[in-house]
Undergrad: 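Attaching a single structure in structure tokens format; questions to follow.
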Amino acid sequence: MILFFLLLGEEDTSRVIVHIDVDCFYAQVEMIRDPSLRDKPLGIQQKYIVVTCNYVARKHGVTKLMGIKQAKELCPELVLVKGEDLTHYREMSYRITVTLQKFSPLVERLGFDENFVDVTETVDARLKSTFSPQLNGHIFPEMEIEGTYERHKRLACGSQIAAEMRQALHSDLGITCCAGIAHNKLLAKLVAGQHKPNQQTSLLPGGVGKLMGTLKTARNIPGIGSRTFKRLQTLGISTVQDLQDAPADVLQAEFGSQTAQVMQQLCRGVDPSPVTPTGPPQTISDEDSFKKCASLQDAKERMTGLLQSLMKRLKGDGRFPHVLRVTVRKLSASNKWTNRESRQCAIPSHLFGTGAEETISKLLDLCVVLFCKMVDVNHPFHLTLINICFAKLEARS
DNA sequence: TGGGGTCCT
DNA sequence: AGGACCC
């Protein structure tokens with residue numbers, strides 16, 4: 001049946017995808033670590049930015065990525081916890097993914113605080129035992145339709161599984177989250193945001209157009225980033241409706257036929273991309289930003305610190321990296337971001353054979369070589385960021 | 001605007 | 001090695 005429709009170019013609406021989006025993730029982790037923070041306005045601080053905050057702080061108008069100064073003006077009682085060290089967030093993030101993997105092996109991470117889960121097979125298995133679930137949580141669009149639940153058993157079953165996932169996250173880890181349930185990743189993610197925090201929403205197939213219509217601009221479609229959006233605006237395209245109405249040949253001329261087709265599918269709520277299980281990380285990196293680094297000595301001290309914390313993470317991972325990359329950001333007249341430069345080299349395997357001290361010192365030597373390919377240390381320089389990345393992680397042979 | 005990540009060109 | 005995207 002499915003194959004027949006796909007051969008006719010119809011989209012596959014038979015999957016059941018759950019998107020899990022943790023509420024104000026870093027703030028929750030800190031509130032779990034220190035429950036006395038629960039009823040206080042809390043912001044997580046990285047450098048001079050509040051990267052996220054709890055809902056008490058949001059009531060006072062504090063938002064994500066707000067400057068400390070402005071946040072304190074809006075909310076003088078704001079409690080700030082430093083969050084530059086991601087260790088605890090990373091650990092909780094993986095515990096969340098592991099918990100979700102008990103429901104299906106098809107779990108895809110997106111950042112530290114979002115996961116997609118394809119529960120199609122679980123739904124099919126449950127529905128075989130002639131059991132008719134009620135829909136759990138909110139429904140989009142919000143309206144009473146006769147027979148809604150009967151005609152959408154698979155969605156209702158998915159919503160029950162989502163509720164069980166959220167219960168497991170809460171009882172096992174103390175984490176609250178939102179969930180979106182729909183027939184593809186795009187729609188599951190978008191619908192999850194309809195009721196926040198700590199709630200879940202299921203999308204009826206008939207509500208796709210309305211859901212896409214809630215987006216302010218095409219920029220709000222995941223997959224259409226700032227660069228692509230600027231190019232669209234060049235063509236006079238700004239809203240989702242503009243994109244839906246745009247002639248295919250106009251988009252093809254600007255973006256090529258493949259990306260043009262993907263964009264026109266996305267703006268209609270069509271997303272055939274599979275949930276791809278994430279597996280162990282491809283890279284392990286650590287970075288630090290600062291006002292000024294202007295000497296090789298300073299850079300070496302900073303890189304040593306980064307290498308020390310990277311080595312601890314590597315021990316937990318169990319694999320060994322075969323590539324080392326150093327990235328710097330130079331203080332630049334104009335472009336604050338995208339002005340990073342990087343150099344990489346192979347890591348000789350024997351380097352991890354000896355003690356940690358030895359290893360770090362040899363890695364630092366490699367870092368200095370890479371660093372000097374980007375920075376003329378005989379000339380004055382001014383860096384604002386250094387990143388060290390381990391890549392090509394493989395089991396030791 | 002942080003401190004991470006992914007994949008593609 | 002850089003660029004786009006995501007959080």
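Within every chain, numbering begins at 1; the chains are lettered A, B, ... in the order of the sequence lines, protein sequences first and strands thereafter. The figures here come from the full heavy-atom set of this structure, side chains too, leaving out hydrogens, waters and symmetry mates.
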Undergrad: Just wondering, more than 12 heavy atoms not from A/H60 lying within 6.0 Å of its NE2?
TA: yes
Undergrad: Atom NZ of A/K230 and atom P of C/dA4: how far apart are they, to the nearest Å?
TA: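 In whole Å, C/dA4 P lies 10 Å from A/K230 NZ.
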Undergrad: Mind checking A/R325 for me? I need base, sugar-phosphate or nothing, with any heavy atom below 4.0 Å counting as a touch.
TA: nothing
Undergrad: Would you say a side-chain N or O of A/S226 is under 4.0 Å from OP1 or OP2 of C/dA4?
TA: no
Undergrad: Per the side chain to side chain donor-acceptor pair (under 3.5 Å) rule, which among A/E114, A/K185, A/K189 passes with A/H19?
TA: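 Exactly one option meets the side chain to side chain donor-acceptor pair (under 3.5 Å) with A/H19, and it is A/E114.
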Undergrad: Without decimals, in angstroms, what is the distance between A/L266 CG and C/dA4 P?
TA: 18 Å
Undergrad: Is it true that A/F290 and A/M374 fall in one hydrophobic cluster, defined by side-chain heavy atoms closer than 4.5 Å?
TA: yes
Undergrad: Return the value, rounded to whole Å, for the distance between atom CG of A/N115 and atom P of C/dC7.
TA: 14 Å
Undergrad: Tell me whether the count of non-hydrogen atoms from other residues, nucleotides or ligands lying under 6.0 Å of CZ in A/R38 goes above 12.
TA: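 Enclosed: over 12 neighbouring heavy atoms sit under 6.0 Å from CZ of A/R38.
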Undergrad: May I have the distance from A/L110 (atom CG) to C/dC6 (atom P), rounded to whole angstrom?
TA: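 Spelled out: CG on A/L110 to P on C/dC6 is 9 Å.
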Undergrad: Please work out whether the ring planes of A/F352 and A/F390 are parallel, tilted or perpendicular, with thresholds of 30° and 60°.
TA: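 Perpendicular.
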Undergrad: Nearest to the side chain of A/R227, which nucleotide is it out of C/dC7, C/dG2, C/dA4?
TA: C/dA4
Undergrad: What I want to check is whether the side chains of A/R325 and A/N387 have a donor and an acceptor closer together than 3.5 Å.
TA: no
Undergrad: Sugar-phosphate atoms are those with a prime plus P, OP1 and OP2; base atoms are the rest. Using that split, label each nucleotide of nucleotides 3-9 of chain B B, S or - for protein heavy atoms under 4.0 Å, 5' to 3'.
TA: BSSSS--
Undergrad: For residues 357-373 of chain A, run the donor-acceptor check on the side chains, cut-off 3.5 Å, and write out each pair with its distance to 0.1 Å, sequence neighbours left out.
TA:
from: A/E358; atom 1: OE1; to: A/K362; atom 2: NZ; distance (Å): 3.4
from: A/T359; atom 1: OG1; to: A/L351; atom 2: O; distance (Å): 3.0
from: A/T359; atom 1: OG1; to: A/G355; atom 2: O; distance (Å): 2.9

Undergrad: Base, sugar-phosphate alone, or nothing: which one does A/G223 contact when heavy atoms must sit under 4.0 Å apart?
TA: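 Sugar-phosphate contact only - A/G223 comes under 4.0 Å of backbone atoms but never of a base.
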Undergrad: Provide, to the nearest angstrom, the distance between the CG atom belonging to A/L186 and the C1' atom belonging to C/dC7.
TA: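 Taking atom C1' of C/dC7 as the reference, CG of A/L186 is at 16 Å.
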Undergrad: Check the distance between C/dC5's C1' and A/R219's CZ and give it to me in whole angstrom.
TA: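 Between C1' of C/dC5 and CZ of A/R219: 9 Å.
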Undergrad: Can you measure A/F255 atom CZ to C/dA4 atom P for me and round it to whole angstrom units?
TA: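 About 12 Å, once rounded to whole Å.
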Undergrad: From NZ of A/K373 over to P of C/dA1, roughly how many Å is that when rounded to an integer?
TA: 8 Å
Undergrad: When you check the phosphate oxygens OP1 and OP2 of B/dG2, does a side-chain N or O of A/R329 lie under 4.0 Å from one of them?
TA: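 Affirmative; the distance criterion is met.
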Undergrad: Hey, does the side chain of A/K64 come within less than 4.0 Å of B/dT1's phosphate (OP1/OP2), counting only N and O?
TA: no
